[in-house]
Structure formats: structure tokens, C-alpha cells
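Single-structure report; data block below.
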Amino acid sequence: MKGYLQVYTGNGKGKTTAAIGLAIRAAGAGMSVLFAQFVKGQRYSEIAALERYKDKITVQQYGRGCFIVQKPTEEDIEEAAKGLAAIRESLRSGAYQLVILDEASIALYYKLFTVDE
């Protein structure tokens, strides 16, 4: 099966919403979807919407709150690392036809680089 990579980037809003649209479209086509969210750990309206498709969309959050506007704590970084490890296993399992890693670039950045200010 041919794989594709889509990256939504840029300042401001819309990236998560675009990814959610892709997830819903895939679920509507009968695909199994993993929506893994880093950085954000709270329940909000978009997550509630995805839960309506729980027969096709699995939501996993690997954040404790939302540290986009502040420096993450060591605990935030540990949660992101756990999430990255779990995603690796999910990808290897082949259980999902679409895997979305929302805000994963932020998690990777803090996992790979020590940021001292």
C-alpha cells in the first residue's frame, strides 16, 4: 500500500482542524484512524466531535495541558516521549490506515533538543 505524508504548518489556527477533517473523511470511507495529540491534553470540542466516531477513530492524548505558549515542564517532555514510543508501536502494528500526529513536531523538538534559557 502506498503511503502519504501531509504536513500542516504555520502560525495561527487551523492545523488541528484540517487534520480532524482528514480523520473524519477517512472514517467516512471506512478507514481506521489513530489521532494522536501531543502538547494539548485537555478535552475540548474538537476531541468531543472525534469521539462520536469512536468505532473508526481512536484518540490518544500525550499532553498534560497546553504548553504552546510556555516552556514545557520535565513532566510534559516525559509524556511526549511516552507518546512517541506508543506511536512507534501503533505504526508497526498496522492497525491503522491513517495516523495523525497532531503537534508532534513540538514533542519531537523537546525530545531531541535540550532547551536552556
Side-chain angles (χ1 to χ4, degrees):
M1 182 171 164
K2 189 173 188 176
Y4 296 93
L5 174 66
Q6 294 185 7
V7 178
Y8 303 121
T9 187
N11 294 330
K13 297 180 180 278
K15 298 173 293 295
T16 297
T17 303
I20 286 172
L22 181 64
I24 291 171
R25 185 175 181 187
M31 299 172 106
S32 295
V33 179
L34 172 59
F35 185 87
Q37 192 169 50
F38 297 84
V39 180
K40 302 170 189 168
Q42 66 274 39
R43 187 174 175 351
Y44 56 98
S45 59
E46 290 175 321
I47 296 301
L50 286 178
E51 289 171 351
R52 293 177 179 238
Y53 299 92
K54 61 184 170 192
D55 61 319
K56 289 290 179 189
I57 301 175
T58 301
V59 176
Q60 296 175 345
Q61 290 184 301
Y62 300 104
R64 297 182 323 109
C66 187
F67 65 76
I68 292 174
V69 296
Q70 62 198 28
K71 186 177 178 181
T73 66
E74 192 60 41
E75 223 176 333
D76 291 321
I77 295 168
E78 287 173 18
E79 286 301 310
K82 287 179 194 174
L84 292 170
I87 293 307
R88 186 178 308 117
E89 292 306 312
S90 293
L91 289 169
R92 287 181 179 151
S93 77
Y96 300 99
Q97 294 160 303
L98 174 63
V99 177
I100 295 172
L101 305 179
D102 187 41
E103 307 286 4
S105 60
I106 296 170
L108 283 168
Y109 176 81
Y110 282 107
K111 171 75 173 127
L112 297 175
F113 302 102
T114 302
V115 180
D116 293 322
E117 295 184 34

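This one's a predicted model, so the numbers in the text were calculated from it and none came from an experiment.
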side-chain contact (heavy atoms from CB on, under 4.5 Å), that's the test. Do V33 and Y53 meet it? Break it down for me.
CA-CA 10 Å; V33 179; Y53 299 92; over 6 Å; no
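- Between I87 and Y62, some side-chain heavy-atom pair lies under the 4.5 Å cut-off.
- Side-chain contact between D102 and Y8 is absent, with no heavy-atom pair separated by less than 4.5 Å.
- Side-chain contact between L98 and L22 is present, with at least one heavy-atom pair separated by less than 4.5 Å.
- The pair E89-R92 counts as a salt bridge, with a side-chain nitrogen and a carboxylate oxygen less than 4.0 angstrom apart.
- What you find for A80 and F38 is that their closest heavy atoms are O-CE2, 3.7 Å.
- Rounded to the nearest 0.5 Å, atoms CE (M31) and CD1 (I57) are 11.5 Å apart.
- Distance CD1/I47 to CZ/F35: 5.0 Å, rounded to 0.5 Å.
- From Q97, atom CD reaches atom CG of L34 across 12.5 Å, with rounding to the nearest 0.5 Å.
- Donor-acceptor pairing under 3.5 Å is lacking for the side chains of E46 and T16.
- Judged purely by atom type and a 3.5 angstrom limit, S93 uses its side chain to pair as donor or acceptor with the backbone of S90.
- For K56 against A27, the heavy-atom pair with the smallest separation is CB-CB, 3.8 Å.
- The closest donor-acceptor contact from the side chain of Q37 to the backbone of Q61 lies at 3.5 Å or more, if one exists at all.
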Decide salt bridge (Lys or Arg N to Asp or Glu O under 4.0 Å) for K82 and E79; before the verdict, give the C-alpha distance in whole Å, the side-chain angles of both, and the deciding distance to 0.1 Å.
CA-CA 5 Å; K82 287 179 194 174; E79 286 301 310; 3.4 Å; yes
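- To the nearest 0.5 angstrom, I100 atom CD1 is 12.5 Å from Q60 atom CD.
- Between A95 and S32 the shortest heavy-atom distance is O-CB, 3.6 Å.
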